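Taking it in order: structure first as structure tokens, then the write-up.
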Amino acid sequence: MEEKKIPEEKTERSLNFIEEIIEEDLRNNVNEGRVHTRFPPEPNGYLHIGHAKSICLNFGLGKKYNGKTNLRFDDTNPVKEDVEYVDSIMEDVRWLGFDWEDRLFYASDYFEQLYEYAIILIRKGKAYVCDMSAEEISETRGTPSRPGKESQSRTRSEEENFDLFNRMRAGEFPDGSRVLRAKIDMASPNMQMRDPVIYRILHATHHRTGDKWCIYPMYDFAHGQSDSIERITHSICTLEFEVHRPLYDWFIREIGIYAPRQIEFARLNVTYTVMSKRKLLELVQEGYVNGWDDPRMPTICGLRRRGFTPGSIRNFADTIGVAKRDNVIDVNLLEFCIREDLNKKSNRIMAVLNPVKVILDNYPDDQIEELESVNNPEDESKGKRKVPFSKTIFIERDDFMEDPPNKFFRLAPGREVRLKAAYIIRCESVVKDPKTDEIAEIHCTYDPQTKSGMPDSNRKVKGTLHWVSEKQAVTAEIRLYDRLFTKENPEDIEEGKTYKDYLNPDSLKVITAMIEPSVKNARISDKYQFERIGYFCVDKDSTPQNLVFNRVVPLKDSWSKAEKVK
RNA sequence: UGUCCCAUGGUGUAAAGGUAGCACAAGAGAUUUUGGUUCUCUCGGUUCAGGUUCGAAUCCUGGUGGGACAACCA
């Protein structure tokens with residue numbers, strides 16, 4: 001036999017633009033070969049899939065380049081932040097499979113240092129206490145195309161600024177009465193450079209520092225310096241902070257401290273959902289969903305409850321890549337990632353969501369057989385289980401048609417189908433409800449020679465159906481989730497509407513299903529493939545007496561797709 | 001009458017001046033005790049106009065289009 005030449009395997013994946021920058025820095029020995037990143041959330045909300053992209057990016061880079069990754073909470077606004085969020089964020093990062101080891105930090109750890117930095121600026125004549133109100137500051141800032149006006153306070157002496165700033169800290173002034181501003185350039189074409197506010201007075205209790213402070217640094221005055229303090233080599237953030245970079249560079253230069261390199265990437269968007277914290281909060285507060293972890297939410301806790309695995313989300317983050325152009329990822333890709341993962345990992349069981357009764361007329365009345373079925377055809381090590389079979393079973397109502405089209409491979413009068421792991425049956429007649437004309441019973445005969453494993457069972461039949469035995473079936477509540485919005489881009493809003501007008505009224509349907517008895521062993525967060533239907537996850541509301549399943553995602557269904565086209 | 005960023009199949013992402021590739025989606029077929037999975041194949045792309053070059057998705061100039069920036073939010 002001739003040996004085919006195996007083309008050289010391209011194991012090395014091409015680099016994304018951030019990795020290119022890092023490798024270039026590494027080649028130039030920029031930080032003595034050190035790579036140190038960080039994930040810097042504000043604890044004012046729950047993390048979503050967009051954050052997951054950032055988490056995977058930052059921690060992934062740390063791992064890839066033998067570096068480190070910090071978790072730092074940017075908690076400079078006590079009014080909006082809370083330990084509830086701190087806890088959920090840590091849980092989510094850990095669940096995604098990442099570890100910050102002993103490097104858990106808070107911007108509030110640096111308040112004293114940041115205060116010192118402000119003093120340096122004041123001493124250099126690069127910062128001043130401004131007496132204007134928020135409105136006045138806003139009015140004098142100008143517009144992107146028109147320069148702003150300088151504040152009267154701009155000419156204050158160094159001593160007076162120093163004195164006033166200390167008295168701000170001492171609590172002598174009410175909220176909003178004064179701020180500390182950087183003295184840069186009110187005519188700068190970059191709005192960020194027009195004497196930005198760097199400290200404001202806020203008599204508010206901070207979730208970590210309590211009442212120690214009544215002045216708090218603005219994010220812009222804390223973020224870059226925090227990265228500097230932590231000796232972050234590559235500060236990776238989203239695109240909207242690109243225009244802030246000159247300001248961060250200015251602070252670093254004027255204060256005279258270590259300069260990280262900031263790199264901006266495009267944030268994630270996914271079709272049929274929204275990603276802004278404000279909108280997600282609204283959905284929760286106004287009751288459109290049942291909390292932050294509602295399985296329809298794009299939050300990490302929502303995805304977790306829905307039944308997504310950490311690996312599937314990591315793989316998703318990997319597949320979407322990272323670049324600077326705006327992007328909208330098809331939600332299909334997310335669904336592909338979870339199917340791919342669960343296909344290999346989850347055991348199969350049979351569940352009938354919309355049952356219709358099938359009676360096997362020639363099957364012994366009281367006989368019950370324990371049939372064997374494979375748990376996972378993708379993984380033989382998962383073994384087999386027993387499934388009870390009897391004279392009366394349920395099948396899916398959709399799996400029967402009285403007058404079927406040619407391509408219908410399922411049960412119909414006179415036709416044969418295989419019952420998964422059981423027998424081949426033939427439909428002999430149907431009984432209808434005289435009032436509703438709905439099919440009440442389907443009468444079939446079974447072929448005893450076709451039990452799975454028997455030689456005759458190899459007979460070709462076009463369809464295989466899942467089923468459950470009536471007597472042994474277990475009922476369970478099933479929550480069928482669908483996309484939260486009906487519109488691909490819910491933020492593309494028509495006149496007089498809001499994104500909430502595109503909420504999908506059918507995003508949750510609750511039904512009762514009949515499931516094979518082995519399901520009794522199911523525990524919260526267990527995931528199954530309901531044969532021929534989809535992947536399902538035991539919800540936290542589930543109890544042994546009242547099982548509750550979430551539909552993670554349906555199986556691909558080329559039959560119903562073909563039907564829809566018609 | 002601003003500054004900055006971006007532009008490759010439907011979507012996302014590669015190609016560092018030399019064969020435009022991969023994934024998802026879509027379509028066709030094969031296999032299948034899941035109309036799943038798997039496998040094979042197909043469809044389909046460099047925003048435009050100039051320039052540099054033997055050669056441009058890539059470099060230059062200009063246009064067009066999209067985005068970010070005017071919280072005492074982050």
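Throughout, protein chains are lettered first and strands after them, A, B, ... in sequence-line order, and every chain is numbered starting at 1. Everything numeric in this text was worked out from a predicted model, so none of it was measured.
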For [X], report the nucleic acid contact type (base, sugar-phosphate, nothing); a contact means any heavy atom under 4.0 Å.
| X | result |
| --- | --- |
| G453(A) | base |
| R418(A) | base |
| Y199(A) | nothing |
| S373(A) | nothing |
| M132(A) | base |
| E42(A) | sugar-phosphate |
| H244(A) | base |
| V197(A) | sugar-phosphate |
| S133(A) | base |

[Y] ring center within less than 6.0 Å of [X] ring center:
| X | Y | value |
| --- | --- | --- |
| F409(A) | W559(A) | no |
| F111(A) | Y216(A) | yes |
| F251(A) | F221(A) | yes |
| Y528(A) | F536(A) | no |
| Y115(A) | F165(A) | yes |

Distance in angstrom units between [X] [atom1] and [N] [atom2], rounded:
| X | N | atom1 | atom2 | result |
| --- | --- | --- | --- | --- |
| K80(A) | rA71(B) | NZ | P | 13 Å |
| N489(A) | rG66(B) | CG | P | 15 Å |
| F316(A) | rA25(B) | CZ | C1' | 14 Å |
| D185(A) | rU3(B) | CG | P | 14 Å |
| E240(A) | rC5(B) | CD | P | 16 Å |
| Q192(A) | rC69(B) | CD | C1' | 5 Å |
| I425(A) | rU33(B) | CD1 | P | 17 Å |
| L247(A) | rA70(B) | CG | P | 12 Å |

Rounded [atom1] spacing from [N] to [M] in Å:
| N | M | atom1 | value |
| --- | --- | --- | --- |
| rU31(B) | rU47(B) | C1' | 44 Å |
| rU58(B) | rC48(B) | P | 10 Å |
| rA15(B) | rA74(B) | C1' | 37 Å |
| rG9(B) | rA14(B) | P | 13 Å |
| rC60(B) | rU52(B) | P | 15 Å |
| rG63(B) | rG2(B) | P | 11 Å |
| rG66(B) | rG18(B) | P | 32 Å |
| rU32(B) | rG27(B) | P | 23 Å |

Report all interatomic pairs (protein N or O, nucleotide N or O of nucleotides 35-37 of chain B) with separations under 3.5 Å.
unit_1	atom_1	unit_2	atom_2	d
rG35(B)	OP1	R532(A)	NE	3.4
rG35(B)	OP1	R532(A)	NH1	2.6
rG35(B)	O3'	S558(A)	OG	3.2
rG35(B)	N7	R410(A)	NE	2.8
rG35(B)	N7	R410(A)	NH2	2.7
rG35(B)	O6	F409(A)	N	2.8
rG35(B)	O6	R410(A)	NE	3.4
rG35(B)	N1	K407(A)	O	2.9
rG35(B)	N2	K407(A)	O	3.4
rG36(B)	OP1	S558(A)	OG	3.2
rG36(B)	N2	E378(A)	OE2	2.8
rU37(B)	O2'	N343(A)	ND2	3.3
rU37(B)	O2'	E378(A)	OE1	3.2
rU37(B)	O2'	E378(A)	OE2	3.2

Could you pick out which residue, E242(A) or A134(A), lies toward the 5' side of RNA chain B when each is mapped onto its nearest nucleotide?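 In this pair, the answer is E242(A).
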
Which residue, R146(A) or R200(A), contacts RNA chain B at a nucleotide closer to its 5' end, judged by nearest heavy atom?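 Of the two residues, R146(A) wins.
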
So, is the end of the R178(A) side chain (NZ or CZ) under 6.0 Å from the ring centre of F173(A) and within 45° of the ring's axis?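 Judged by the rule (NZ or CZ under 6.0 Å from the ring centre, within 45° of its axis), R178(A) counts as positioned above F173(A).
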
Does R483(A) qualify as a cation-pi partner of Y272(A), given the criterion of NZ or CZ under 6.0 Å from the six-membered ring centre and within 45 degrees of its axis?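 Because its charged atom sits under 6.0 Å from the ring centre and within 45° of the axis, R483(A) does stack over Y272(A).
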
Contacts of R208(A) that satisfy side chain to side chain donor-acceptor pair (under 3.5 Å) - sequence neighbours left out: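 Per chain and number, R208(A) pairs via side chain to side chain donor-acceptor pair (under 3.5 Å) with D109(A).
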
Side-chain N or O of R267(A) versus OP1/OP2 of rG67(B): is the shortest distance under 4.0 Å?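 Answer no for this pair, as no side-chain N or O of R267(A) is under 4.0 Å from OP1 or OP2.
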
Does a side-chain N or O of K561(A) approach OP1 or OP2 of rA26(B) to a distance below 4.0 Å, or not?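 The answer is yes; a side-chain N or O of K561(A) sits under 4.0 Å from OP1 or OP2.
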
Using the glycosidic torsion, which applies to rA70(B): syn (within 90° of 0) or anti (everything else)?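 What rA70(B) shows is an anti base, its glycosidic angle lying more than 90° from 0.
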
If [N] has a Watson-Crick or G-U wobble mate with both distances under 3.5 Å, name it; if not, just say none.
| N | value |
| --- | --- |
| rA28(B) | rU40(B) |
| rG62(B) | rC48(B) |
| rG35(B) | none |
| rU13(B) | rG21(B) |
| rA71(B) | none |

Please tell me whether [X] and [Y] have a donor and an acceptor in their side chains that are separated by less than 3.5 angstrom.
| X | Y | result |
| --- | --- | --- |
| Q449(A) | D447(A) | no |
| D341(A) | T309(A) | yes |
| Q529(A) | E531(A) | no |
| D379(A) | S381(A) | yes |

Go through S312(A) and E340(A) one step at a time and tell me if the side chain to side chain contact (heavy atoms under 4.5 Å, CB included) criterion holds. CA-CA 8 Å; S312(A) 70; E340(A) 185 186 42; over 6 Å; no

Are any protein N/O atoms closer than 3.5 Å to N/O atoms in nucleotides 10-16 of chain B? If there are, list each pair with its distance.
unit_1	atom_1	unit_2	atom_2	d
rU11(B)	O3'	V328(A)	O	3.2
rU11(B)	O2'	V328(A)	O	2.8
rG12(B)	OP1	V328(A)	N	3.1
rG12(B)	O2'	I320(A)	O	2.8
rU13(B)	OP2	R325(A)	NH1	2.9
rA14(B)	O2'	S14(A)	OG	3.0

